[in-house]
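Here you go, one structure.
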Amino acid sequence: MTLPPDPKSISTVNYLNEEKTVASWFFTHDHKRIALLYLASITFFFLLGGVAAMLMRIELIHPRGELFTSTTYNKLFTLHGVIMVWFFLIPSIPNVLGNFLIPMMIGARDMAFPRLNLISWYVFMLGGLFAVFAILVGGVDTGWTFYTPYSSTYSNSWVIAMAVGIFINGFSSIFTGLNFIVTVHKLRAPGMTWFRLPLFVWTLYSTSLIFVLATPVLAITLTLVALERGFGIGIFDPRIGGDPLLFQHLFWFYSHPAVYIMVLPAMGVISELIAAFARNRVFGYNFVVYASLGIAFLGFLVWGHHMFVSGQSVYAGMIFSLLSFFVAIPSAIKVFNWTATLYKGSITFDTPLLYALGFIALFTIGGMTGLMLASLAVDVHVTATYFVVAHFHYIMVGGAVMAYLGGIHYWFPKITGRMYPETLARWAAIILFIGFNLTFFPMFILGYMGMPRRYHVYPEEFQMLNFISTIGTPVLGIGYLLPLIYLGWASFFGRLAGPNPWNATGLEWQTPSPPPKENFAEIPVVTTEPYAYHLLPEAAGIHQETHDR
Amino acid sequence: MKAKFGHYLRVLGSLYLLLAITTGLAFLPLDAWNWLPSVVIAFVMAGLIMLFFMRLRQSEPLLWLTSASGFAWLSLLMLFVVLDYISRPWPR
Amino acid sequence: MTFPLLPYEDSSYAARVDGIFVSLLVLCTVITLGVFAVIIAFCIRYRRGSPADRSHRPSESTQIAVEFAWIILPLLIFIGLFIWAGNVYFEMFSPPADGVAIYVIGKQWMWKIEHATGQREINQLHIPIDRNIVLTMTSQDVIHDFDVPAFRIKHDVLPGRYNTMWFKATKTGTYHLFCGQYCGDFHSLMVGDVIAMSPTDYAAWLQGHGEGTSDTLAADGSRAFHALGCSGCHEGSQVVHAPSLNGLYDEPVPLQSGQVVRADDTFLRDMILQPAKNVPAGYQPIMPSYQGLVTEEQIVSLIAYIKSQKSAASADNPTHP
Amino acid sequence: MTAEAAAEPLNFPFKEAAHQRESALFGMWIFLATEVLFFGGMFTAYTVYRYSHWQAFQEAARHQEWYLGCLNTLVLLTSGFTMALAVECARRGNRGWLLGLLTITWVLGAAFLGIEGYEYHSKFGEHLVPGSGFHFDGTDPGGSELFFVLYFTMTGMHMFHMFVGLMLILFFGVWTRFSPRETAMPNRFEVLGLYWAFVDIVWLFLYPLFYLVHPR
């Protein structure tokens, strides 16, 4: 636990400047550099998906929807969904923050399979290339859910190219998940027992299980759709007795756990942030660990709640509903534990904590509306309406993206060795929070009133709420662009951070910032529990202060 | 090496035998249920291959767990999908 | 530009669904605001430099007790919610026998409605209030979804099979009918109106629209039954061993496989399109498939015809249930 | 276990051969779990359709030659055996035997693909390939078409895996043959052996489900 004497020192040779050629980046095996490659790629995809969202919101100002044709609008929401889900949300925290941090957090020099790690980035980019190709040549209009028989027979767009893109992208997920699991099992530093792992590592471990066990089902399902479309061999085709609902079962067997791929790592980030800025042990650490594993497991058993009105059996619907209520429990445990971690802490309100608090607020609202969706009779009314749209944006954007940005701010000094401008960053977090609620809260009301999703022509009584929602979008947009700008600036011109600017625990803070190529000059030996903030020298100081009073 | 060879050969022999049994059983008039014995035997053969050809028997417990996980998750998928289909006609 | 916050509430379900929803809303709001209040309180009290007492942090055993408390309490609440909402759901999918039967055929991008009495409509559905309406729905192409928010009902309409849904409107008026499942280019134009009328208005409407179209659905079906050659085997043929369909509708049918199924709409539809799927006991699977030879409208009318033979049969033989 | 192992160069970040081997095997087993679910999606489809069209499946399966499937199973089981021996030789650093056994495995694998190709070819002649050319005289031609859809996609996917396996054997075999090192690198052959055995296992399920439904 000894810290280097001069906190403002910057390591002279680090992973960023050790080699300077372009080739040294594109052929690197260093997990930190690969994380940055991912960072650049997913930022691009985020902007692409974001522009599509903006255009949709503009279209929705007017109930008659005269800016775009129906076809264009359908392609826009498909583009937004596909890009955001598979090319931004799923790789965001795992592939950027996870790649960067897992080896450092467990005290390893790299991933177990560094070459596979690089390959997974290339695979990701190849998948992205197919997706971008599908968009450029004409787009896809099936929605991100690719429901048959529309996608396999009736759609008149580039479904196969997009399916191939997502198929390839899936392999990137599988390779990443495989690498994470092996790394966590096999490369922990001496003394780093399972229950000394940071919660971020635990959540990524759970996420990797989903990556590995769910993604292949999506791969085969999309392959079958592509075969049906390309060769006319109808596997889901009702005309020869096939069942379109089978597609939905297989699709959601992946896509529901995929939601947990997006939100579990976010929960991990939040656990780190709350502990670090409340300067406290995480309340009920073991329970949070089991909750992560519980979510990963139960998440596989609830996919049928996307199909309550689809024509699946009523009994199956009931079982899926009950299990969906159960999966809410581990999520609730986490929220309660984060709250309890604040108790008797010593809280500072730096930007990462603002994002973390924002996450808890939005995630709680998203989770609570999830309960409403799990309630069968209510779901019949609100499913496939804007209520669902609002619900999953609260979890995915309010949850996952807030956590991603919070994590980026928290580990920014580790990644670049420099600090970001604190005041500006706090304002950005607040703007983001306001813009988000302005954009998405009206959708709950819209949904309960019955406005179906994927409509760009809608009855006039829905206009006011749509208008408010559209007003929120530019605010939200500013909330995203600000960090992009000031973090970009701060990477080069921010003040030097030193190895541990937050005075946080965790092995990643015990190497210089930016870290050297192989992370640790000497593999550390772990002797304490995680989040041992009560053992830090300053903790004594606080107690002293209390006693003085 | 010789001992090892004999050991692998015995496994192969058992596999051949099971193949003969499963093929023979298929000619019994079991109608819609004829998948059951053959799938059970397929699992036994898969078990033999995993234990001996894939050397699971000499491997650490972690690999046992991993090898089971794929099948476990597949059974979850099948269980719930089949549940939907068999309960679909009711209530009418 | 109006600005309502809750939709109309005009079916037998609406009040019950809203009852669950509002209870959930209150419960969730209380919990959410509770969590927020605690977070804000902690943030103020335990901000760095505040003089709050930080000694005596909760011990290991306290932590475990607290954890179990907030696992078990929500669990009980959730099970209660599940039972409540599940009950209403189960009822939504158990159609009553005495309803007004209406057939719905969805296609890109319109709703075709056929009343048993022969009236046909497009994108409009006229119904009487205070009567159970049973919709039997299918699609000609992709998956659609019959969605009437004011009644709190919604169900996917799938190609290749029938889904049923029922409701009872309680107030007269005109309500939105949406397609709730994305179905292609003009998905957002696949909308219509449900017009709920008083029984007298409805009777008048049936009259007014019954005159233009000549026949009931069953009469159409009877014509198709002969034109498609069904009658050749199913009406007392000596050559072919085929069952008579009189009085068949809704009766249990023992199958060759040993199962017993009810001869409902889906069964009859399957028999027409995939005769080998369910072979009745005592018969050979010799009936040819009519896949591609009949339209969805014809199937609907054939089923209506077989159904009408049921009532004819029970009229002939009053002891028959 | 490590005492008998042939020398394997260490890859970053590993510092011990046993550690590296364990990790490689663990990674491969995870990948195989993934593959189980990849095929699993199709097995699920098979289960559902056989349940709802069981009679059509019986009729369709009459057009399958069970003896070809049986022969193929025989070939594949044998190749699994030679592959397991090859892995054993690789671990002991016995390069000559390794190459010999790999060659046998490769030939058996290729024979499997040949038999399968012959079957595909005859299916074309009988108009049993799904799509516009499909023709089936039966009570539920749609259900029978589903059987052949599943047959072609599942065996096709399996053949693709076989093909990849053959390419890997070829690549690693040639590499070993011409590398200046005296011994083979055992880890890659162990991993390859796991893959090959997995492909065998998949076929063990395909065989009864497609050839033994209604053998005549």
Side-chain angles (χ1 to χ4, degrees), chain A residues 70-71 74 143 147 149-150 154 238 241 244 283-284 287 309-311 314 317-318 321-322 325 328-329 332-333 335-336 339 342-348 357 360-361 364-365 368 371-372 375-378 380-381 384 445 448-450 452 454-459 461 463-464 542-543 546 549, chain C residues 1-5 7 17 20-21 24 28 32 35-36 38-39 42-43 46-48 51 53-55 57 63 67 70-71 74-75 78 81-82 85-86 88-90 92-93 141-143 145 147 149 152-156 158-160 163 176 178 180-189 274:
Chain A
S70 294
T71 319
N74 296 344
Y147 272 16
Y150 185 69
Y154 292 87
F283 189 89
F287 284 86
V309 301
S310 69
V314 174
M318 295 228 174
S321 162
L322 185 62
F325 276 112
I329 297 214
I333 292 175
V335 171
F336 294 145
T339 308
L342 296 171
Y343 180 60
K344 301 213 168 178
S346 169
I347 306 166
T348 49
L357 294 176
I360 297 181
T364 306
I365 296 174
M368 288 295 170
L371 283 183
M372 300 178 184
S375 308
L376 286 157
V378 177
V380 169
H381 174 52
I445 306 169
Y448 202 76
M449 288 178 51
R454 298 171 171 178
Y455 267 40
H456 77 121
V457 179
Y458 56 88
E461 67 253 36
Q463 184 176 8
M464 182 49 112
I542 292 164
H543 284 212
T546 324
R549 185 173 63 90
Chain C
M1 212 189 270
T2 53
F3 191 34
L5 284 175
V17 172
I20 304 172
F21 178 73
L24 273 165
C28 293
T32 309
V35 170
F36 290 1
V38 172
I39 290 179
F42 285 170
C43 281
Y46 298 111
R47 66 190 186 280
R48 171 163 304 173
D53 176 18
R54 288 175 174 89
S55 56
R57 297 187 193 198
Q63 286 197 16
E67 295 284 349
W70 64 44
I71 290 172
L75 193 67
F78 289 171
L81 285 171
F82 161 73
V88 179
Y89 177 76
F90 194 82
M92 279 178 172
F93 290 97
D141 36 50
V142 302
I143 300 175
D145 182 289
D147 173 12
R152 310 289 188 275
I153 52 159
K154 176 185 289 148
H155 203 296
D156 279 11
L158 295 162
N163 279 327
H176 288 301
F178 294 125
Q181 185 62 270
Y182 176 67
C183 60
D185 268 1
F186 299 111
H187 168 58
S188 54
L189 301 179
Q274 300 163 29

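Below, chain A is the first sequence line, B the second, and so on; all start at residue 1. Remember, predicted model here, so these are calculated numbers, not experimental data.
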Using a cut-off of under 4.5 Å on heavy-atom pairs, state which of C:V88, C:L81, C:D185, C:I143 scores highest against chain A.
->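 When all of C:V88, C:L81, C:D185, C:I143 are compared, C:D185 has the most.
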
Pairs of heavy atoms under 4.5 Å with chain C: top-ranked of A:T364, A:T339, A:I365 =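 The answer is A:T339.
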
Should C:E67 and A:I333 count as side-chain neighbours, where that means a heavy-atom distance under 4.5 Å?
->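 When only atoms from C-beta onward are counted, A:I333 and C:E67 do touch, with a gap below 4.5 Å.
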
Write down the atom of A:A377, the atom of C:I20, and the distance for their closest heavy-atom approach.
-> CB-CD1, 4.1 Å

Fit a plane to each ring of A:Y448 and C:F21, take the angle between them on a 0 to 90° scale, and name the class: parallel (under 30°), tilted (30 to 60°) or perpendicular (over 60°).
-> parallel

With a 4.5 Å limit on heavy-atom distance, are the side chains of C:S188 and A:R454 in contact?
->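 No; the side chains remain at least 4.5 Å from each other.
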
Residue pair C:K154 / A:V309: nearest heavy atoms and the distance that separates them | O-CG1, 3.6 Å

Shortest non-hydrogen contact between C:G86 and A:M318, atoms and distance |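 C:G86 and A:M318 have their closest heavy atoms at O-CE, 3.3 Å.
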
What part of A:Y154 is in contact with chain C, defined as an atom under 4.5 angstrom from a non-hydrogen atom: side chain, backbone, both or neither?
-> side chain

With chain C, which of A:A328, A:A332, A:G317, A:G311 has the greatest number of heavy-atom pairs at distances under 4.5 Å?
-> A:G311

Closest heavy-atom pair, C:F90 versus A:V314, reported as atoms and distance to 0.1 Å, is CD1-CG1, 3.7 Å

C:W70 vs A:F283 aromatic rings, parallel, tilted or perpendicular, using cut-offs 30° and 60°?
->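 Rings of C:W70 and A:F283: tilted, 30 to 60°.
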
Is there a side-chain contact between A:F336 and C:V35, using heavy atoms and a 4.5 Å cut-off?
->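 Side chain of A:F336 against side chain of C:V35, heavy atoms only: contact under 4.5 Å found.
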
Using non-hydrogen atoms and a 4.5 Å limit, figure out which bit of C:F36 sits close to chain A: side chain, backbone, both or neither.
->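 Contact with chain A: side chain only.
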
Side chain, backbone, both or neither: which part of C:L158 has an atom under 4.5 Å from a heavy atom of chain A?
->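 Side chain only.
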
Heavy atoms only, distances under 4.5 angstrom: which of A:A384, A:S375, A:G345 has the most pairs with chain C? Name it, please.
-> A:G345

Say you draw a straight line from CZ of A:F325 to CG of C:L75; how long is it, rounded to the nearest 0.5 Å?
->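 Spacing of CZ (A:F325) from CG (C:L75) equals 11.0 Å.
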
For the candidates A:S310, A:S70, A:P244, which exhibits the highest count of non-hydrogen atom pairs separated by less than 4.5 Å from chain C?
-> A:S310

Contact leader toward chain C among A:V378, A:I360, A:L376, where contacts are heavy-atom pairs under 4.5 Å | A:L376

For A:A361, is it the side chain, the backbone, both, or neither that has a heavy atom closer than 4.5 Å to a heavy atom of chain C?
->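 For A:A361, the contact with chain C is made by backbone and side chain together.
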
Hey, are the side chains of C:Y89 and A:V380 touching, using non-hydrogen atoms and a 4.5 Å cut-off?
-> yes

Heavy-atom proximity to chain C below 4.5 Å, by part of A:Y147 |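 Side chain only.
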
Honestly, the part of C:N163 sitting under 4.5 Å from a heavy atom of chain A is side chain

Could you give the distance from NZ (A:K344) to CG (C:D53), rounded to the nearest 0.5 Å?
-> 5.0 Å

Atom pair CZ (C:F78) and OG (A:S321), whose distance is rounded to the nearest 0.5 Å |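 The distance works out to 11.5 Å.
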
Distance col, row C:C43:SG vs A:L357:CG, nearest 0.5 angstrom, shows 5.0 Å

Taking all heavy atoms of A:H381 and all of C:P149, pick out the closest pair and write down the distance.
-> CE1-O, 3.5 Å

Spacing of CZ belonging to C:F186 relative to CG belonging to A:N74, to within rounding of 0.5 Å | 9.0 Å

Where on C:I153 is there a heavy atom nearer than 4.5 Å to chain A: the side chain, the backbone, both, or neither?
->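 Looking at C:I153, just its backbone touches chain A.
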
For the residue pair A:Y455 and C:H187, does the interplanar ring angle fall in the parallel (under 30°), tilted (30 to 60°) or perpendicular (over 60°) class?
->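 Perpendicular: the ring planes of A:Y455 and C:H187 meet at over 60°.
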
